[in-house]
Amino acid sequence: MISTAKEIDHAVAVLKAGGLVAFPTETVYGLGASARNEDALSRIFTVKNRPTNNPLIVHLADKEEMEKWASDISKLAWRLADRFWPGPLTMILRKNANVSKTVTGGLETIALRVPNQPIALALLRVFGDGIAAPSANKFGRTSPTTAEHVREDLGDTIDFILDGGTCEVGIESTILDLSTHEPALLRPGGLTKEEIESCLGSSVPFRYSNEIRCPGQYPRHYAPQARVVLANAENFKETINEFLSQGLRVGVLALPEHQAPPPKVAWIPVSQKVGAFAISLYAALRELDRRNLDIIVSALPLEEGIGLAVADRLRRAAGKGNIIKGEKVA
Ligand code: TXA
Ligand code: MG
């Protein structure tokens with residue numbers, strides 16, 4: 001049931017008292033705490049089992065609030081905020097001196113975003129300050145896209161859950177580093193690289209930092225229990241048959257175009273349209289995981305538009321060494 005205004009008021013009271021509230025955003029559910037409350041911030045790391053040097057995104061009600069958290073905000077950052085906020089874009093900027101290093105994982109930069117979800121925006125407006133929120137799942141697992149997923153993962157360990165139904169985008173925000181002179185993409189996500197580039201009028205490189213700061217940048221992340229294997233159209237059937245012949249329980253996530261699901265495998269139909277695939281990706285991985293499979297085999301979408309983020313999450317769910325080489329997959 002979608003949460004009411006009364007429940008949003010209750011959530012605000014919980015946050016003000018230093019509690020943890022999970023709430024819907026357009027991307028995935030977040031696990032929120034007051035971004036100014038040290039104890040509440042520490043609890044986020046404990047509950048999620050997340051390394052404390054892993055910085056959190058601070059969610060804001062409005063772009064004007066950026067200045068309370070960040071300094072040296074460039075013209076480009078304002079332009080992106082005007083164009084894409086509220087929306088699935090997280091910007092990394094230089095932090096203000098008064099911002100706690102607990103929220104930034106010890107860094108001098110801060111991640112900010114204005115989510116495009118009515119319950120999230122109402123919560124932020126009534127709360128009246130920044131809410132730090134990582135995805136509301138245990139560290140390393142798939143992100144939640146329904147309130148039920150949050151309950152499954154974090155249940156009684158948090159204080160309140162706001163329900164906004166299924167998330168509209170289904171995949172985390174795009175992270176763009178604007179803290180230096182050269183903007184760089186740190187994580188592909190709900191806002192496409194193409195849209196950012198057209199707004200900036202120049203191409204934006206990908207940058208994986210050497211320091212492991214982005215959990216999105218850990219080798220195996222967003223992962224279900226079963227092993228995830230990526231295969232392409234040419235070797236898809238053969239890959240599945242090989243696993244079946246080893247007596248393994250096999251499930252299929254996304255099929256290559258024009259291929260029918262093979263017999264004797266668990267299959268959750270996901271859309272060939274990549275936007276719809278993004279929405280159902282995490283729910284489908286969770287559902288396949290409930291079936292006690294050894295292996296989940298998936299094809300990759302074309303890596304353009306939101307397909308870039310979907311493919312990124314599938315590669316991370318698979319981890320290194322689990323990718324079967326082929327033209328499209330390598
Ligand atoms: O869509 C989303 O972004 C969701 C919703 C809830 O807003 N949040 C989310 O949070 O995905 P989380 O914590 O799961 O991922 C946030 C990412 C992490 O990879 C973190 O390392 C990165 O943002 N990050 C945060 N602050 C950073 C900084 N100062 N520099 C580089 N990366 C940063
Ligand atoms: Mg996460």
Side-chain angles (χ1 to χ4, degrees), residues 20-33 35 41 44-45 47-60 69-70 84-96 99-117 119-121 123-124 130-145 147 149-150 153-154 162 164 167-180 183-191 207-218 221-223 278 282 306 309 312-313 316-317:
L20 301 186
V21 172
F23 62 96
T25 81
E26 79 279 37
T27 58
V28 301
Y29 275 70
L31 176 61
L41 291 169
I44 285 188
F45 292 96
V47 161
K48 272 190 63 108
N49 204 4
R50 173 175 171 128
T52 53
N53 67 353
N54 231 297
L56 305 174
I57 297 173
V58 176
H59 295 68
L60 307 174
W69 300 88
F84 297 117
W85 279 355
L89 170 68
T90 294
M91 293 200 269
I92 309 292
L93 299 162
R94 309 283 313 160
K95 82 172 189 69
N96 267 351
V99 174
S100 139
K101 281 205 176 169
T102 310
V103 82
T104 68
L107 298 175
E108 289 298 334
T109 54
I110 183 156
L112 298 175
R113 118 172 168 91
V114 179
N116 187 17
Q117 208 285 348
I119 292 176
L121 287 172
L123 179 73
L124 286 159
I131 299 178
S135 51
N137 52 283
K138 289 272 189 197
F139 183 67
R141 315 303 315 173
T142 48
S143 297
T145 53
H149 294 164
V150 179
D153 271 22
L154 302 175
L162 285 169
C167 298
E168 263 181 15
V169 176
I171 215 154
E172 299 81 354
S173 61
T174 301
I175 303 184
L176 188 65
D177 187 354
L178 290 157
S179 67
T180 67
L185 263 183
L186 302 186
R187 176 177 77 181
L191 179 66
R207 193 176 64 223
Y208 289 110
S209 61
N210 296 327
E211 272 181 281
I212 295 180
R213 289 292 191 181
C214 256
Q217 298 184 352
Y218 282 79
H221 205 80
Y222 308 107
Y282 291 138
I306 196 149
D312 172 79
R313 304 308 188 268
R316 289 179 197 291

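Values below: every heavy atom of this structure, side chains too, minus hydrogens, waters and symmetry copies. Whatever order the structure lists them in is the order used to number ligands and atoms, beginning at 1.
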Trace of the side-chain hydrogen bond (donor to acceptor under 3.5 Å, both in side chains) decision for S135 with E172:
CA-CA 8 Å; S135 51; E172 299 81 354; 5.1 Å; no
Begin from the C-alpha positions of R141 and D153 and carry the test salt bridge (Lys or Arg N to Asp or Glu O under 4.0 Å) through to its verdict.
CA-CA 9 Å; R141 315 303 315 173; D153 271 22; over 6 Å; no
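Counting only heavy atoms from C-beta outward, the side chains of T109 and K95 never approach each other to under 4.5 Å.
The closest approach between H59 and ligand 1 falls below 4.0 Å for a heavy atom of the residue. In this structure, I175 has a heavy atom closer than 4.0 Å to ligand 1.
Within the 4.0 Å heavy-atom criterion, the part of N54 lying near ligand 1 is the side chain and not the backbone. Only the side chain of L186 comes within contact range of ligand 1, with a heavy atom under 4.0 Å; no backbone atom does.
Which of R50, K48, E108 comes nearest to atom 13 (O) of ligand 1 through a heavy atom is settled by distance: it is R50. Within the set P55, G106, P88, the minimum heavy-atom distance to atom 24 (N) of ligand 1 is found for P55. Considering each of G105, S173, G189, P134, the one bringing a non-hydrogen atom nearest atom 3 (O) of ligand 1 is S173.
Looking at ligand 1, you won't find any N or O of E172 less than 3.5 Å from one of its N or O atoms. An N or O contact shorter than 3.5 Å is missing between T25 and ligand 1 by distance.
Each of the atoms 28 (C), 29 (N), 30 (N) of ligand 1 lies under 4.0 Å from some heavy atom of L107. Using a 4.0 Å cut-off to heavy atoms of T27, the atoms of ligand 1 that qualify are 1 (O), 2 (C), 4 (C), 5 (C). Every atom of ligand 1 with a heavy atom of T109 under 4.0 Å away is listed here by number and element: 28 (C), 29 (N), 30 (N).
Of the listed residues (Q117, E168, R113), just one forms a side chain to side chain donor-acceptor pair (under 3.5 Å) with T25, and that residue is R113.
Using modelled atom types and a 3.5 Å distance limit, the side chains of S173 and T27 yield no donor-acceptor pair.
Partners of K138 according to the salt bridge (charged side-chain N to carboxylate O under 4.0 Å, His left out) rule, which considers only residues two or more places apart in sequence or in another chain, do not exist here.
Taking backbone and side-chain atoms together, S135 has an N/O/S atom less than 2.8 Å away from the Mg ion (ligand 2).
L41 contributes atom CG, which lies 10.0 Å from atom OG1 of T104 (distance to the nearest 0.5 angstrom).
Counting only distance, with no hydrogens or angles, the side chain of K48 and the backbone of N137 share a donor-acceptor pair below 3.5 Å.
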